[in-house]
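Below is one structure, written out as structure tokens; the observations come after it.
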Amino acid sequence: MEEHKLLYEGKAKKVYETEDPQQLIVSYKDDATAFNGLKKGTISGKGAINNQMTNLLMKRLEQIGVPTHLIRELSSRETLVKRVSIIPLEVIVRNLAAGSFSKRYGVVEGVVFDQPTLEFSYKNDALGDPLINSSHAIALKLATPEELDAIRRYSFAVNDFLKALWAECGVILVDFKLEFGRLADGTVVLADEISPDTCRLWDAKTHEKLDKDRFRRDLGGVEDAYQQVMRRLLEHG
Ligand code: UDP
């Protein structure tokens, strides 16, 4: 990537400029962080898995009418994407109680919801990504009401599709985080990644965790879990 200018380096990805101002290269790292950067580590092979899983899933989502930033995979850990300005919201969809939901409301992990939930966090490291509602997001001019409608619609469509796809693989899609961006013409598209870093994935039979919670909670077998979900997706997805 020597020939490309580094535009941005995040916790798990680097973003490079290309000759085309509307296209960027995302390079996925093996670095892992949790708890707003307090816990740091490496998950060997994660960059390639997250890159390939994100691209496989985004390709499928495009086919069901969810627009994404994906252009094409360049290598095992690099992908060409459309340049977007990221809407600073973490959009979280949940099918079962886990993580911060369980903590906030005092619910044991694994309670199944009758309907999926949707929530937003304001992407702001200095504030610790606080929970935010849609009227606050509009007041802060993070997104327009129309953009929030599109984000809600796409997020539930992504959930319906991915829940069924993971079920085919013997995996429960517990919850996940999406990020959306605006193209130069204002179109809202799905951006960022969809991977075991951003989804909770449990084995359907044993409820074994096959995602970043293994890293967050020091459960061991992190690399194996990432490899296993990727393999299951390639075999059954
Ligand atoms: N998530 C994420 N990035 C974040 C926060 C959450 O990708 O900065 C994902 C997380 O992996 C999980 C879902 O969003 O699949 C819901 O996370 P939760 O709100 O329960 O927060 P956590 O317990 O991970 O702090």
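As the structure is a prediction and not an experimental result, all values here were calculated from the model. One is the number of the first residue; the rest follow in order along the sequence.
- Using a 3.5 Å distance cut-off with no hydrogens or angles, the side chains of Thr79 and Asn51 do pair a donor with an acceptor.
- Going from atom OG1 of Thr33 over to atom NZ of Lys212 covers 5.0 Å, rounded to the nearest 0.5 Å.
- The two atoms that bring Ala97 and Phe113 nearest to each other are N-CZ, 3.4 Å, heavy atoms only.
- Between the side chains of Asp20 and Thr18, not a single donor N or O lies within less than 3.5 Å of an accepting N or O.
- Between Lys209 and Glu109, at least one side-chain nitrogen of the basic residue sits less than 4.0 Å from a carboxylate oxygen of the acidic one, meeting the salt-bridge criterion.
- How far CD of Glu73 is from CG of Asn55: 4.5 Å, rounded to the nearest 0.5 Å.
- Shown are Val158, Leu201, Val91; of these, the side-chain contact (heavy atoms from CB on, under 4.5 Å) with Phe176 is made only by Val158.
- A salt bridge links Asp213 with Arg200: the distance from a Lys NZ or Arg NE/NH1/NH2 to an Asp or Glu carboxylate oxygen falls below 4.0 Å.
- A cation-pi geometry, defined here as NZ or CZ lying under 6.0 Å from the six-membered ring centre and within 45° of its normal, holds between Lys39 and Phe215.
- Between the side chains of Asn95 and Asn159, at least one donor-acceptor pair of N or O atoms lies under 3.5 Å.
- With rounding to the nearest 0.5 Å, the separation of CD1 in Ile138 from CD in Glu146 is 8.5 Å.
- Checked by atom type, the side-chain pair Gln227/Arg231 shows no donor-acceptor distance below 3.5 Å.
- Taking each heavy atom of Leu118 and Ser155 in turn, the nearest pair found is CD1-CB, 3.7 Å.
- Put simply, CD1 on Ile25 and CZ on Arg83 are 12.0 Å apart, with the number rounded to the nearest 0.5 Å.
- Using a cut-off of 4.0 Å between Lys/Arg side-chain N and Asp/Glu carboxylate O, Lys177 and Asp192 are scored as salt-bridged.
- Side chain to side chain, Arg94 and Ser100 meet the donor-acceptor criterion of an N or O pair below 3.5 Å.
- Linking Ile, Leu, Val, Met, Phe, Trp and Tyr residues whenever their side-chain heavy atoms come within less than 4.5 Å leaves Ile194 and Leu80 in two separate clusters.
- In terms of heavy-atom proximity, Ala191 sits nearest to Val84 at CB-CG2, 4.1 Å.
- By the 4.0 Å N-to-carboxylate-O rule, Lys14 lies too far from Asp31 to be salt-bridged with it.
- In the model, Ser195 has no side-chain atom that pairs as donor or acceptor with a side-chain atom of Asp197 under 3.5 Å.
- Between the SG atom of Cys199 and the CG atom of Leu162 there is a distance of 7.0 Å, given to the nearest 0.5 Å.
- Residues Tyr154 and Phe161 keep their aromatic ring centres 6.0 Å or farther apart.
- Shortest non-hydrogen contact noted between Val174 and Trp202 is CG2-CD2, 3.4 Å.
- Here the closest heavy-atom approach between residue Pro196 and residue Leu210 is recorded as CB-O, 4.1 Å.
- Hydrophobic clustering of Ile, Leu, Val, Met, Phe, Trp and Tyr side chains at less than 4.5 Å, counting indirect connections, keeps Leu24 apart from Val188.
- From Glu19, atom CD reaches atom NE2 of His4 across 4.5 Å, with rounding to the nearest 0.5 Å.
- Ala137 approaches Leu89 most closely through the heavy-atom pair CB-CD2, 4.2 Å.
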Item to check | Stepwise salt bridge (charged side-chain N to carboxylate O under 4.0 Å, His left out) test for Glu9 and Lys29 | outcome: CA-CA 10 Å; Glu9 177 157 7; Lys29 304 193 285 187; 2.7 Å; yes

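- Under the 4.5 Å side-chain contact rule for hydrophobic residues, Leu142 and Leu183 do not share a cluster.
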